[in-house]
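Everything below concerns the one structure shown next.
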Amino acid sequence: MEAVSAGAAAAAAPPAAKANAAAAKPLLLSDAGVALGGLDPVSYRRGDAPAQGDAGLAVAAANGATYHFATEENKQTFEADQEKYIPMFGGYCATAMSEGKVFPANPESFHVDPEDDKLYVFFRGEVEGNLIETLPRWMANKAEFKKLAMKNWAEDAYDMPSPREEEA
């Protein structure tokens, strides 16, 4: 596995963003407005891997995203405390946010931080034939990366990538 900066990976996979009307923050959503690729945000804390949600158990959250849930219990848990379960940085890669960049995360590459009980998601994918994972880099210097990412997110100090040339 090759170490590549979040910026290099950003060029390979620009996000489809939706502005969050409530806070004017970008959100990583499907074309249907679904966050986390349809994975259940509560399930990240209830096992080794997140569970696929059911569109029949959906909640339109205060942040403007729709979340799917695997069970009615998880849906009710989320509705009682949305902020606890919504992923940080609009569902974009936390490592990239620490660099002042916004690019997609793979919702299956994640860390629920025991210090703040927040869900962080990370880029994991192939770029120019190399598997890139940003979670190990984050974990190697989590305190510093989290501090930078929180600052960039709070101050809107991040660059949104432009659409790919072939999409222009």
Side-chain angles (χ1 to χ4, degrees), residues 1 6 9-10 12-98 101-127 131-140 142-143 145-146 149-150 152-154 158 160-161:
M1 178 170 61
K18 176 182 175 184
N20 174 354
K25 298 286 189 184
L27 297 171
L28 181 60
L29 306 174
S30 70
D31 289 341
V34 177
L36 295 172
L39 296 176
D40 178 338
V42 175
S43 71
Y44 282 87
R45 291 169 173 82
R46 294 189 173 170
D48 294 333
Q52 184 61 50
D54 179 343
L57 295 172
V59 171
N63 71 346
T66 297
Y67 294 89
H68 292 173
F69 299 90
T71 66
E72 181 64 35
E73 178 186 1
N74 284 5
K75 178 182 172 189
Q76 290 174 5
T77 298
F78 178 84
E79 290 175 320
D81 189 1
Q82 290 186 13
E83 284 302 312
K84 178 177 180 176
Y85 298 99
I86 289 175
M88 297 299 292
F89 316 124
Y92 286 99
C93 176
T95 305
M97 183 56 61
S98 73
K101 309 242 184 280
V102 174
F103 67 90
N106 177 329
E108 294 180 13
S109 180
F110 69 94
H111 174 66
V112 177
D113 194 322
E115 294 171 13
D116 61 10
D117 200 28
K118 296 291 185 181
L119 171 62
Y120 297 84
V121 289
F122 301 88
F123 179 82
R124 180 175 62 201
E126 197 170 300
V127 177
L131 177 62
I132 307 300
E133 295 188 68
T134 62
L135 174 58
R137 188 163 163 242
W138 175 273
M139 296 305 291
K142 183 177 72 169
F145 283 135
K146 185 193 291 189
M150 295 292 213
N152 289 340
W153 185 252
Y158 45 83
M160 292 294 296

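Values reported hereafter were calculated over all heavy atoms of this structure, with side chains retained and with hydrogens, waters and symmetry mates removed.
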Item checked: Any residue meeting ring pair (Phe, Tyr, Trp, His ring centres under 6.0 Å) with Phe145, in chain and number order, not counting sequence neighbours -> none

Notebook entry, point to check: Residues in side chain to side chain contact (heavy atoms under 4.5 Å, CB included) with Ala49, at least two apart?
Noted result: none

Next item on the list: Please report the closest heavy-atom contact between Phe122 and Ala94, naming both atoms and the distance.
Entry: CE2-CB, 3.6 Å

Check: Heavy-atom distance under 4.5 Å between the side chains of Glu133 and Asn106, does that happen here?
Finding: no

Margin query: Restricting to non-hydrogen atoms, name the atom on Gly64 and the atom on Leu27 that form the minimum distance, rounded to 0.1 Å.
Written below: C-CD1, 4.0 Å

Check: Should Asp116 and Met88 be marked as a side-chain contact (heavy atoms from CB on, under 4.5 Å) after you check the CA-CA gap, both sets of side-chain angles, and the distance that decides it?
Finding: CA-CA 11 Å; Asp116 61 10; Met88 297 299 292; 5.6 Å; no

Note to self: Could you work out, with side chain to side chain donor-acceptor pair (under 3.5 Å) as the rule, every residue matching Tyr67, not counting sequence neighbours?
What the structure shows: Asn63

Item checked: Least distance between heavy atoms, His68 atom then Gly38 atom -> CB-O, 3.6 Å

Item checked: pair Ile132-Glu126: side-chain heavy atoms closer than 4.5 Å -> no

Checklist line | Residue pairs involving residues 33-42 (criterion side-chain hydrogen bond (donor to acceptor under 3.5 Å, both in side chains); sequence neighbours excluded) | finding: Asp40-Asn74

Item checked: Any side-chain heavy-atom pair of Ile86 and Phe78 under 4.5 Å -> yes

Margin query: Quick one, Leu36 and Pro50 - any side-chain contact, counting heavy atoms below 4.5 Å?
Written below: no

Item checked: Glu73: partners by side chain to side chain donor-acceptor pair (under 3.5 Å), with sequence neighbours left out -> none

Check: Is the closest side-chain heavy-atom distance between Pro41 and Phe69 below 4.5 Å?
Finding: yes

Margin query: Test: ring pair (Phe, Tyr, Trp, His ring centres under 6.0 Å). Region: residues 25-55. Which pairs qualify, not counting sequence neighbours?
Written below: Tyr44-Phe110

Checklist line | Matching residue for Phe103 among Phe123, Phe89, Tyr92 - test: ring-ring contact (aromatic ring centres under 6.0 Å, His included) | finding: Phe123

Item checked: Under the salt bridge (Lys or Arg N to Asp or Glu O under 4.0 Å) test, residues paired with Lys118 that sit two or more places apart -> none

Note to self: Side chains of Lys25 and Tyr158, heavy atoms from C-beta outward: is any pair under 4.5 Å?
What the structure shows: yes

Check: For the side chain of Arg45 and the backbone of Tyr85, is there at least one donor-acceptor N/O pair under 3.5 Å apart?
Finding: no

Check: Could you give all pairs that pass the side-chain hydrogen bond (donor to acceptor under 3.5 Å, both in side chains) test and reach residues 52-62, with sequence neighbours left out?
Finding: none

Next item on the list: Can you sort out the partners of Asp81 under salt bridge (Lys or Arg N to Asp or Glu O under 4.0 Å), two or more places apart, ordered by chain and number?
Entry: none

Check: Does Arg124 reach the side chain of Leu135, with side-chain heavy atoms less than 4.5 Å apart?
Finding: no

Item checked: Non-neighbouring partners of Glu115 that pass salt bridge (Lys or Arg N to Asp or Glu O under 4.0 Å), sequence neighbours left out -> Lys142, Lys146

Check: Partners of Glu72 by side chain to side chain donor-acceptor pair (under 3.5 Å), sequence neighbours excluded?
Finding: Gln76

Checklist line | Under the side chain to side chain contact (heavy atoms under 4.5 Å, CB included) test, residues paired with Ala105 that sit two or more places apart | finding: Cys93, Val121

Notebook entry, point to check: Taking side chain as C-beta onward, heavy atoms only, is Leu29 less than 4.5 Å from Val34?
Noted result: no

Next item on the list: Please confirm whether the backbone N or O of Thr95 pairs with a side-chain atom of Thr134, one donor and one acceptor, at under 3.5 Å?
Entry: no

Next item on the list: Return the orientation label for the Trp138 and Tyr120 ring planes: parallel under 30°, perpendicular over 60°, tilted otherwise.
Entry: tilted

